[in-house]
Amino acid sequence: MAKPPAKALMFQGTGSDVGKSLVVAGLARAFTLRGLKVLPFKPQNMSNNAAVTADGGEIGRAQALQARAAKVPLSVHMNPVLLKPQSEVGAQIVVQGKVRGNAKAAEYQQIKAGLMSSVLQSFEHLKLQADLVLVEGAGSASEVNLRRNDIANMGFARAADVPVVLIGDIDRGGVIASLAGTKTVLDPEDAAMIRGFIVNRFRGDPTLFDEGIRMIEGFTGWSPIGLLPHFPDASRLPAEDALALNSKPASKADAKIRIAVPILPHVSNFDDLDPLDAEPDVELIRVRPGGVLPADADLVLLLGSKATISDLQTLKAAGFDIDIAAHVRRGKPVLGLCGGYQMLGKSVADPDGIEGPAGAVEPGLGLLDVETRLTGDKRLVAVEGTTADGISFAGYEMHVGETVGKDCTRAFALIEGRPEGAVSKSGLVSGTYAHGLFADDAQRSSWLKRLGGEASRLDYEQGVEEVLDQLAAHMERHLDLDLLLTLAL
């Protein structure tokens, strides 16, 4: 007998960054621990932080975390439309894991209606494999000016007939008005899709907001799902949105290792920083243009970029190239990851305008004797390898472009038997296309010891699992999960 399609429930927000991704991740783990087969789904996402899937594509990092919470492999169908902001060309459009093209914001508003068929196809694909599909909306449900052709919020909910729970963030203030106001501005048929609400990120005595909950219920007619307290350990989970880079990290006055990280406008895959942030002996100094890279840094780390040439020009205009050259003259190491690796070379060329206007930057930073040419072919693959010091690692590659040159003869690593990356003649400057390097405990330990510290005492991946379990328990304590299952269709 064929398995009946899964139930589904969608979580939308009164605004961006109200905690939708985290709530869905916590519920995915909670319902999985209850014995259900749970799959996450987000019709449309916008992020330069992406993950490689088992089926050879890419999805937003939030859906990767939610899939991990549900203990299932990643699939392109979990995030069928992914927008990756670039420079003047607008955003790269990834559909079911593969690059479809580029579009500016106004152009995309006309394109997206045609993507609904792919969205619904992926959703139906997931429903046949699960007991419960947890759907995450994008941005704000109340952006009624963008309702026409919407595929991310009410447009999807209506097309797929999926009931909605609305999340409001009390921490930013005005949560009663934001929830009730959403009901007011929505088309009545859209508002009818909302069955319940969650008030997120509460701090203090919850009884003080009892009347607030009753007022929201009275204004809207929606069922209260719960008052969800602030979850402080959320910072220990991989972040998706670049807004996380704006938060001030906890002070580490006793840190033995200082790592300087230039934060450029099109930074991508910045979750490469998360395992280093988790190390008590490591202080990450994030420096934006206008600042100065600290002279006492032990390592300069260049992250990936969605627009390498544009970010390289910004880096040089900010004077970071001078700081990095001085850092190397002091005999200290530099590591470039993906786009950061490309920037370290003699030149970066984009003759076909893959990431922006066609052109080239020459010279680049010139710290590696390599040259990069961006191409239309995108490499998306999980990798395992061994770095030159004999330490194994696992990670992934996600990039366009080919890098060649004399320093490639000194490979950063061997990946499945092939040389990868480059190391300067001095040994101080390294570059690699491998992401996820520092999530590997052995690799991270090797780098910490190289920088004058001690071997890591953390099991990073196990730490993420523990936080997800704690998050699930947090959901069980404060939300009515039985009611959520009743509301799902």
When rounded to the nearest 0.5 angstrom, what is the spacing between [atom1] in [X] and [atom2] in [Y]?
X      : Y      : atom1 : atom2 : result
Ser223 : Ile194 : OG    : CD1   : 12.0 Å
Asp274 : Leu237 : CG    : CG    : 9.0 Å
Leu27  : Leu36  : CG    : CG    : 11.5 Å
Leu487 : Ile225 : CG    : CD1   : 5.0 Å
Asn200 : Asp169 : CG    : CG    : 6.0 Å

Can you sort out the partners of [X] under ring pair (Phe, Tyr, Trp, His ring centres under 6.0 Å), two or more places apart, ordered by chain and number?
X      : result
Tyr396 : His435
Phe231 : His474
Phe123 : Phe41, Phe156

Partners meeting salt bridge (charged side-chain N to carboxylate O under 4.0 Å, His left out) with [X] (sequence neighbours left out):
X      : value
Arg34  : Glu476, Asp482
Asp272 : none
Glu217 : none

Flag if over 12 foreign heavy atoms under 6.0 Å of [atom1], [X]:
X      : atom1 : answer
Glu384 : CD    : no
Asp296 : CG    : yes
Glu211 : CD    : no
Arg457 : CZ    : no

Residue pair [X] / [Y]: nearest heavy atoms and the distance that separates them:
X      : Y      : value
Pro43  : Asn79  : O-ND2, 4.2 Å
Arg172 : Asp17  : NH2-O, 3.0 Å
Val185 : Ser142 : CG2-CB, 3.8 Å
Cys338 : His399 : SG-CB, 3.5 Å
Phe393 : Gln443 : CB-CG, 3.3 Å
Ile59  : Val76  : CG2-CA, 3.7 Å

Quick one: do the [X] and [Y] side chains pair a donor with an acceptor below 3.5 Å?
X      : Y      : value
Gln121 : Gln96  : yes
Asn49  : Ser268 : no
Gln63  : Asn45  : yes

#### Entry: Steps toward side-chain hydrogen bond (donor to acceptor under 3.5 Å, both in side chains) verdict (Ser305, Asp311)
CA-CA 7 Å; Ser305 169; Asp311 275 355; 2.8 Å; yes
### Task
With sequence neighbours excluded, give me every salt bridge (charged side-chain N to carboxylate O under 4.0 Å, His left out) pair touching residues 137-157.
Arg147-Asp190
### Task
May I have the step-by-step check of side-chain contact (heavy atoms from CB on, under 4.5 Å) for Asp161 and Met193, ending in yes or no?
CA-CA 8 Å; Asp161 194 24; Met193 300 300 298; 4.0 Å; yes
Using side chain to side chain donor-acceptor pair (under 3.5 Å) as the criterion, list what pairs up with [X], not counting sequence neighbours.
X      : answer
Asp55  : Thr53, Ser75
Asp205 : Thr207
Arg68  : Glu461, Glu465
Tyr341 : none

### Message
Taking Lys252 first and then Glu283, would you say they form a salt bridge - that is, a charged N and a carboxylate O separated by under 4.0 Å?
### Response
no
### Task
Taking the side chain as every heavy atom from C-beta outward, state whether Val162 and Leu489 have any pair of such atoms under 4.5 Å apart.
no
### Query
Quick one: side chain to side chain donor-acceptor pair (under 3.5 Å) pairs with a partner in residues 175-185, sequence neighbours left out?
none
### Message
Taking the cut-offs as 6.0 angstrom to the six-membered ring centre and 45 degrees off its axis, would you call Arg450 and Trp447 a cation-pi pair?
### Response
yes
Under 3.5 Å: donor-acceptor pair, side chain of [X], backbone of [Y]:
X      : Y      : value
Glu355 : Thr308 : yes
Arg29  : Ala70  : no
Lys42  : Gly60  : no

### Task
Any chance you could lay out the salt bridge (Lys or Arg N to Asp or Glu O under 4.0 Å) test for Glu58 and Lys98, step after step, and finish with the verdict?
CA-CA 7 Å; Glu58 58 180 311; Lys98 302 299 182 184; over 6 Å; no
### Task
Test salt bridge (Lys or Arg N to Asp or Glu O under 4.0 Å) on Arg258 and Asp281 and set out the steps.
CA-CA 9 Å; Arg258 304 185 84 210; Asp281 285 343; over 6 Å; no
